[in-house]
Amino acid sequence: MANANNNRRPIVAGNWKMNGNLALVKTMQQSISSIELDNVDIVVCPPAVYINAFDAPDLLTGAQDISLFEAGAHTGDISAGMFAELGCQFVIVGHSERRTDHSESNELVAKKASAALEQGLTPIVCVGEPLQVREAGQVFDYVAEQLDAVISTIGVERLSELVIAYEPVWAIGTGQSATPEQAQDVHRFIREHLAKADSEAGMRIRILYGGSVNARNASALFAQADVDGGLIGGASLKQDEFLAICQSAN
Ligand SMILES: O=C[C@H](O)COP(=O)(O)O
């Protein structure tokens, strides 16, 4: 099990993406509150407009993105400080859908991670390769470049405050998850790469796997030595499925 030989507490984060409604907020809140899982952090990242509708003190919430800016004339943006004021603890930055839909560069993602830390939010920094990069055998170089932008922007002294999510783009929403071995290979690489910058951070940082995780494949993925939980998309919208995944990580 991922945390059997280390002190990393697993996280299961549900990224609702642009899905859900107030009814789902109620349903998920009730079902998450109804289970007692002492050894996993369960985080829900609904669309921003629904964050405040969650009314459960024990529930951890996260934003799906933040503005680069703190405040001011930036129509449509929401700042890290605003999410922090709502009680959010986490924010996803650099999800591949934002990198694609909004042309977010490694540098922009790194600045968002920095903005999150400044306001006391834990950034869940997403990295991961598209299929053609994997087929070209360049996964490690690609992921290293994504990580290096963050390391150089936030500085090694804050590195251990991050959570990393490895999400191979070809596995997102496709039903074709990485195999546990493929996930572990990249997770180990990420941990070793971070450890080169700061050995303590390399050991402490939680690295989540994301990409077609479901109730059937979660246990095998989470059993890998460097997999500390998951970032769950589609399955986070189905209460039974999501709870089963949380149980697998517990
Ligand atoms: O943030 C979540 C990921 O993009 C995974 O999505 P998925 O579980 O629907 O493949």
Side-chain angles (χ1 to χ4, degrees), residues 10-20 24 28 32 40-48 50-51 60-66 83 88-104 106 109 112-113 116 121-131 133-134 139 142-143 146-147 150 162-180 182-184 186-187 190 206-222 224 227-249:
I11 301 180
V12 174
N15 175 11
W16 289 13
K17 309 192 178 185
M18 200 171 69
N19 295 298
L24 187 66
M28 291 307 293
I32 293 170
V40 58
D41 286 336
I42 302 174
V43 183
V44 181
C45 304
Y50 296 132
I51 288 173
L60 300 170
T61 55
Q64 296 178 10
D65 181 48
I66 47 165
F83 285 115
C88 282
Q89 295 84 2
F90 293 86
V91 58
I92 299 167
V93 295
H95 192 284
S96 68
E97 286 149 17
R98 291 212 57 90
R99 292 179 188 261
T100 303
D101 296 351
H102 301 277
S103 307
E104 294 199 0
N106 288 343
V109 171
K112 288 188 172 187
L121 297 179
T122 298
I124 301 175
V125 180
C126 298
V127 298
E129 80 289 353
L131 187 58
V133 169
R134 175 160 285 267
V139 175
Y142 190 90
V143 169
Q146 292 179 316
L147 292 171
V150 178
L162 301 179
V163 170
I164 304 290
Y166 169 58
E167 298 210 319
V169 178
W170 47 269
I172 297 176
T174 60
Q176 186 203 344
S177 165
T179 65
Q182 285 173 321
Q184 169 57 21
V186 184
H187 280 235
I190 291 171
R206 293 180 285 182
I207 307 175
L208 315 182
Y209 169 78
S212 296
V213 178
N214 57 43
R216 293 164 302 291
N217 62 20
S219 296
L221 287 160
F222 298 166
Q224 301 303 305
V227 177
D228 305 312
L231 182 56
I232 319 300
S236 72
L237 301 166
K238 302 171 197 155
Q239 52 173 325
D240 294 344
E241 187 92 4
F242 187 60
L243 292 194
I245 293 168
C246 294
Q247 264 148 356
S248 301

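Whatever order the structure lists ligands and atoms in, that order sets their numbers, starting from 1.
- Looking at T174 next to ligand 1, no N or O pair under 3.5 Å apart turns up.
- Without hydrogens or angle criteria, Q89 side chain to T61 main chain gives a donor-acceptor distance under 3.5 Å.
- Protein heavy atom nearest atom 8 (O) of ligand 1, with residue, atom name and distance: G233 N, 2.9 Å.
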Practice task
Determine, stepwise, if the pair H95 / Q64 fulfils side chain to side chain donor-acceptor pair (under 3.5 Å).
Solution key: CA-CA 8 Å; H95 192 284; Q64 296 178 10; over 6 Å; no
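- Of the possible donor and acceptor atoms, one in the side chain of E241 sits under 3.5 Å from a partner among the backbone N and O of A215.
- The H95 neighbourhood of ligand 1 comprises atoms 1 (O), 2 (C), 3 (C), 4 (O), with distances under 4.0 Å to a heavy atom of that residue.
- Ligand 1 lies less than 4.0 angstrom from a heavy atom belonging to S212.
- Using a non-hydrogen distance threshold of 4.0 Å, A171 registers as a contact of ligand 1.
- Considering backbone and side-chain N/O atoms, I172 never comes within less than 3.5 Å of an N/O atom of ligand 1.
- Taking the six-membered ring where tryptophan is involved, the planes of H187 and Y166 are perpendicular, since the angle between them exceeds 60° and thus also 30°.
- Of the protein's non-hydrogen atoms, the one nearest atom 9 (O) of ligand 1 is G234 N, 2.8 Å.
- Atom 2 (C) of ligand 1 has its closest protein heavy atom at E167 OE2, 3.2 Å.
- Not a single N or O atom of L231, backbone or side chain, sits closer than 3.5 Å to an N or O atom of ligand 1.
- In this structure, the side chain of D65 does not engage the main chain of K112 through any donor-acceptor pair within 3.5 Å.
- From I11, atom CD1 reaches atom CD1 of I42 across 11.5 Å, with rounding to the nearest 0.5 Å.
- Between G211 and ligand 1, no N or O atom pair is found at a separation short of 3.5 Å.
- For the atom pair CD1 (I32) and CG (L243), the distance works out to 6.5 Å, reported to the nearest 0.5 Å.
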